[in-house]
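Each chain gets a letter, A, B and so on, in the order its sequence line appears, and its residues count up from 1.
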Protein chains: 2
Amino acid sequence: MPQAQILSKNQQVVFEIIEKAKGPLKAYSILYDVQKKGIRAPLQVYRALDKLLELGKIHKIESKNAFVACKNSNCEITKATAFSICEKCEKVTEINNSKLSNYLSAFKDSTGMKYSKYNLEFFGLCKKCK
Amino acid sequence: MPQAQILSKNQQVVFEIIEKAKGPLKAYSILYDVQKKGIRAPLQVYRALDKLLELGKIHKIESKNAFVACKNSNCEITKATAFSICEKCEKVTEINNSKLSNYLSAFKDSTGMKYSKYNLEFFGLCKKCK
DNA sequence: TAACAAGCCGTTATATTATAACATTTTTAT
DNA sequence: ATAAAAATGTTATAATATAACGGCTTGTTA
Ligand SMILES: [Zn+2]
Ligand SMILES: [Zn+2]
Ligand SMILES: [Zn+2]
Ligand SMILES: [Zn+2]
């Protein structure tokens with residue numbers, strides 16, 4: 001069983017902010033939030049974000065340049081992500097659907113290219129906004 | 001039959017650059033290319049890009065902040081896009097696979113949310129780079 | 001234990017991507 | 001002809017992200 005990753009101080013601080021947030025956070029909004037904890041520069045935030053992404057503890061919502069904590073029991077699968085995004089209230093949910101992930105992981109295009117990673121973003125209206 | 005959209009001058013200029021390109025282009029690289037045609041400011045480029053996106057003549061590769069011409073016979077379906085991206089040579093191909101698009105267009109998550117749009121990006125190594 | 005590598009940290013400066021705000025002109029539809 | 005809608009041009013600025021430099025800590029190993 002793999003040892004739980006120990007996060008460094010800055011990584012921990014940034015991760016906690018993202019984990020507690022109700023929705024995706026932008027890098028500079030994270031920076032603002034962590035200033036009281038002594039993190040002052042964008043680069044400090046971006047470095048923590050990079051590491052957390054690499055570990056699969058967070059994901060980036062590409063269409064929003066924002067970050068969310070992984071909701072799939074600390075996703076080893078930073079390589080296979082799918083999100084649902086409400087176009088009205090901006091609510092983002094990580095989709096955890098094994099049929100979908102199996103389908104996409106097995107997908108091969110006509111050129112025979114085999115993929116090692118994918119990211120899927122669905123857009124629509126959530127229950128509340130519909 | 002819907003009349004072919006007539007592009008304005010700036011839209012046409014920007015579109016031609018993207019269409020002729022061998023790969024995805026970034027906004028400021030487009031700006032550089034079109035300066036000889038009298039387009040001087042970022043906004044002029046971004047406005048053209050916005051319109052072209054809306055028309056489905058181009059798509060944005062979110063993970064790269066770059067733009068490609070639509071290869072699916074001028075995609076009415078700017079709402080259902082899928083790309084394959086080589087992580088080594090950066091080659092990007094628009095995937096045109098009806099099984100995949102049917103599957104994704106019909107996808108419903110556990111909350112019953114129905115989607116009006118999606119974007120999927122696959123990453124891997126292309127034939128050449130493999 | 002010396003010395004080396006790897007990872008993390010802090011700081012300043014700068015690059016890259018994108019939009020705000022305002023004034024004007026062109027195109028389209030009535 | 002008139003009014004509404006779309007496109008243009010320009011300046012300034014906002015938002016997102018990385019480069020470059022130097023130092024500190026920790027664990028490995030010669
Ligand atoms: Zn996850
Ligand atoms: Zn909503
Ligand atoms: Zn297309
Ligand atoms: Zn390649």
Atom-pair distance (OH on Tyr46(B); C1' on dT13(D)), nearest Å
14 Å
Rounding to a whole Å, what distance do you find between Gln12(B):CD and dT8(D):P?
11 Å
Any chance the side chains of Ser8(A) and Asn10(A) put a donor and an acceptor closer than 3.5 Å?
no
By nearest-nucleotide position on DNA chain D, the 5'-leaning member of Asn10(B) and Pro42(B) is Asn10(B)
Upstream residue (5' side of DNA chain C) when Leu43(A) and Lys51(A) are each assigned their closest nucleotide:
Lys51(A)
Is the shortest side-chain N/O distance from Lys26(B) to OP1 or OP2 of dT17(C) below 4.0 Å?
yes
Whole Å only: how far is the OH atom of Tyr32(B) from the P atom of dA15(C)?
17 Å
Across the strands shown, which category fits Arg40(A) at heavy-atom distances under 4.0 angstrom: base, sugar-phosphate, nothing?
sugar-phosphate
Report yes if a side-chain nitrogen or oxygen of Tyr28(A) is closer than 4.0 Å to either non-bridging phosphate oxygen (OP1 or OP2) of dA15(D); otherwise report no.
no
Nucleotide of dT16(D), dT11(C), dA18(C) approaching Arg47(A) most closely (side-chain heavy atoms):
dT11(C)
Looking at Glu121(B) and Ser63(B), would you say the former's side chain and the latter's main chain have a donor-acceptor pair under 3.5 Å?
yes
More than 12 heavy atoms of other groups within 6.0 Å of Lys91(A) NZ
no
Think Gln44(A) has a side-chain N or O under 4.0 angstrom from the OP1 or OP2 of dG10(C)?
yes
dC9(C) P sits how many Å from Leu7(A) CG, rounded?
10 Å
Round to a whole Å and report the spacing from CG of Leu31(A) to P of dT18(D).
15 Å
Please check if the side chain of Lys130(A) supplies one atom and the backbone of Gly124(A) the other of a donor-acceptor pair under 3.5 Å.
no
Base, sugar-phosphate, or nothing for Lys60(B), non-hydrogen atoms under 4.0 angstrom?
sugar-phosphate
Neighbour count above 12 (heavy atom, 6.0 Å) for Lys108(A) NZ
no
Using a cut-off of strictly less than 4.0 Å, decide whether Ser8(B) has a side-chain nitrogen or oxygen near OP1 or OP2 of dA6(D).
no
Specify the separation, in whole Å, of atom CG of Leu49(A) and atom P of dT16(D).
12 Å
Ile39(B) has an atom CD1; how far is it from atom C1' of dA7(D), in whole Å?
12 Å
Between dA18(C) and Asn65(A), is there an OP1 or OP2 to side-chain N/O distance shorter than 4.0 Å?
no
Whole-Å distance between dA15(D) C1' and Lys64(A) NZ?
15 Å
